[in-house]
Amino acid sequence: DLHWRFQVGVLLFPVVIYAFMLIRTHFPINERVAAGIPYLTMLKQAGFVGAFIILVMVVLEIGRVFEYQPWLSWSVIGGLTLLYALVVRGNPGRALFIVLLLLMIPLATTELGTDAWIKDLIGPALANFNLSGTWVLIYTAFVMTVLRIFLIGPLSRVFSPLAILAICSAFAAVGIFMLAGAEAAAIILVFATIYGIGQSFFWPVTLGVVSEQFPEGGALTLNSIAAVGMLGVGIIGAPLLGNLQDNQVHNRLQDNEAIYAKYVDPEEKQSIFGAYRSVDQGVITQRNQRIEALEGTRSDQSATFGEVEARELEVLLGERDVFDGLTKDAKASALRFAAGPAVFMFLSYVVLILWFKSRGGYRPVELSGSGGDQSA
């Protein structure tokens, strides 16, 4: 029941601890700087194509927050991309880095974007055991933490980083798809474990690949790929999943004309993926408040609870059950489609594995220390 500000305020505890830890900490010189790699060479690793992708994410999000006109955001994106292209002398950037940059969008969507759905879908099943759906997220986070601490070392001695990413993608796809229809607690536990395994190494291994393949990129490539992941899930991934869910719910509610007429907002909404119609949350709130009021009246011995009120409560409860059943099926169907990004990632990593194999296998890039431009 705590206000969300108090919940977020918990983050201040590790912030203060980190601050004390860092006050007297001395960091080594960046690998790029120590090797004498020029700053311009670092910029060329991302190139103007990478800069364009990053700028699209950053500027569009700023424009959304401050409600700028789209033409202004795109003008800024175009101007800054052109400036970057001039600075790097027309270098488009490393092709592999561009691919990894784009893959961060489905990666972050798979790791972060589906969590809320899984919590809502699994919630009713866990409610039978007096548990909240949030425990699924806590459990998968626990699995992820344990595997990151104890398993990444042994795994990296057996598999290449790209193979680990491909395996994680397969686990995530299976976990997400199967959790959509899970009802029994044991089944939920099994597929939540598979999903947790899939999530475990996406982010750190991707950063490891970037560090090993683009040491000349220094802090730029590492920070930009992480930024695209975080922004990508908010700007593209979450709206895509939301649009998919709303369309599935909209189509499923059409099976019941009365429910559809009452609960679907007649006004179309716009997103980056086109027009859609969503459920009117105000109607749901009013219904739930009315049910709560009627149930309170029924339990109050001093209040009058007649046949009219009893009939109204019966109708509202039946309506709620029908609505919840239809939307649950729709969300489950949408969640199955949400396994698509993980499948796409699996195929992409397999292609990258084959590409590296054709070049002699995956090997980290070693800086020569010559300070020359190796980005070509």
Side-chain angles (χ1 to χ4, degrees), residues 1-27 54 57-68 104-105 107-124 126-127 129-150 152 172 176 179 188 192-193 195-207 219 222-242 245 271 278-279 281-282 284-285 288-289 292 331 335 338:
D1 297 328
L2 283 175
H3 192 279
W4 66 266
R5 286 187 174 87
F6 292 103
Q7 298 182 47
V8 175
V10 173
L11 294 172
L12 293 176
F13 290 103
V15 167
V16 172
I17 294 171
Y18 285 138
F20 279 108
M21 291 171 62
L22 294 174
I23 286 175
R24 296 186 177 182
T25 300
H26 297 281
F27 291 93
I54 298 163
M57 297 293 176
V58 175
V59 176
L60 287 184
E61 182 65 5
I62 293 174
R64 183 192 68 81
V65 171
F66 293 100
E67 299 181 346
Y68 294 149
M104 280 303 292
I105 299 173
L107 184 151
T109 300
T110 300
E111 181 174 345
L112 305 174
T114 56
D115 280 352
W117 280 18
I118 289 174
K119 180 185 72 172
D120 292 340
L121 282 173
I122 302 303
L126 291 181
F129 304 94
N130 295 320
L131 293 173
S132 167
T134 305
W135 282 105
V136 175
L137 302 185
I138 295 173
Y139 175 69
T140 55
F142 171 76
V143 170
M144 182 167 57
T145 302
V146 170
L147 293 183
R148 284 185 179 182
I149 293 174
F150 297 106
I152 188 59
I176 292 171
L179 274 173
I188 292 173
T193 303
Y195 174 58
I197 294 172
Q199 285 184 309
S200 296
F201 306 122
F202 279 145
W203 209 277
V205 173
T206 298
L207 292 178
L222 281 172
N223 283 285
S224 59
I225 203 161
V228 167
M230 295 302 297
L231 289 168
V233 69
I235 297 171
I236 297 176
L240 175 62
L241 295 179
Q245 176 178 273
S271 75
S278 63
V279 171
Q281 295 298 325
I284 296 177
T285 301
N288 292 340
Q289 289 174 345
E292 185 177 346
K331 289 180 179 180
L335 184 59

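All of these numbers come straight from a predicted model, not from anything done at the bench.
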Nearest-0.5 Å distance, [atom1] of residue [X] to [atom2] of residue [Y]:
| X | Y | atom1 | atom2 | value |
| --- | --- | --- | --- | --- |
| Met57 | Ser224 | CE | OG | 11.5 Å |
| Trp203 | Leu112 | CH2 | CG | 6.0 Å |
| Phe142 | Leu137 | CZ | CG | 15.0 Å |

[X] versus [Y], closest heavy-atom pair with distance:
| X | Y | result |
| --- | --- | --- |
| Leu2 | Gln7 | O-NE2, 3.0 Å |
| Thr206 | Ile225 | CG2-CD1, 4.2 Å |
| Gly229 | Ala108 | O-CB, 3.0 Å |
| Leu147 | Ser200 | CD1-OG, 3.3 Å |
| Val136 | Ala192 | CG1-CB, 4.3 Å |

Kindly indicate whether the side chain of Tyr195, heavy atoms from C-beta on, has any atom under 4.5 Å from the side chain of Thr114.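 Touching, per the 4.5 Å side-chain cut-off.
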Using the six-membered ring wherever Trp is involved, compare the ring planes of Tyr68 and Phe66 and label them parallel, tilted or perpendicular (cut-offs 30° and 60°).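 Parallel.
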side-chain contact (heavy atoms from CB on, under 4.5 Å) assessment of Glu61 paired with Val65: CA-CA 6 Å; Glu61 182 65 5; Val65 171; 4.2 Å; yes
What pairs meet the salt bridge (charged side-chain N to carboxylate O under 4.0 Å, His left out) rule with one or both residues in residues 131-148, with sequence neighbours excluded?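 Every salt bridge (charged side-chain N to carboxylate O under 4.0 Å, His left out) pair that includes a residue of residues 131-148, provided the two are not neighbours, is Glu111-Arg148.
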Passes side-chain contact (heavy atoms from CB on, under 4.5 Å), Thr109 versus Ile236? Steps please. CA-CA 8 Å; Thr109 300; Ile236 297 176; over 6 Å; no
Heavy-atom donor-acceptor pair, Gln199 side chain to Met144 backbone, under 3.5 Å: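 No; judged by distance alone, with no hydrogens or angles, the pair does not exist.
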Could you please spell out the steps behind the side-chain contact (heavy atoms from CB on, under 4.5 Å) verdict for Ile152 and Val205? CA-CA 9 Å; Ile152 188 59; Val205 173; 3.9 Å; yes
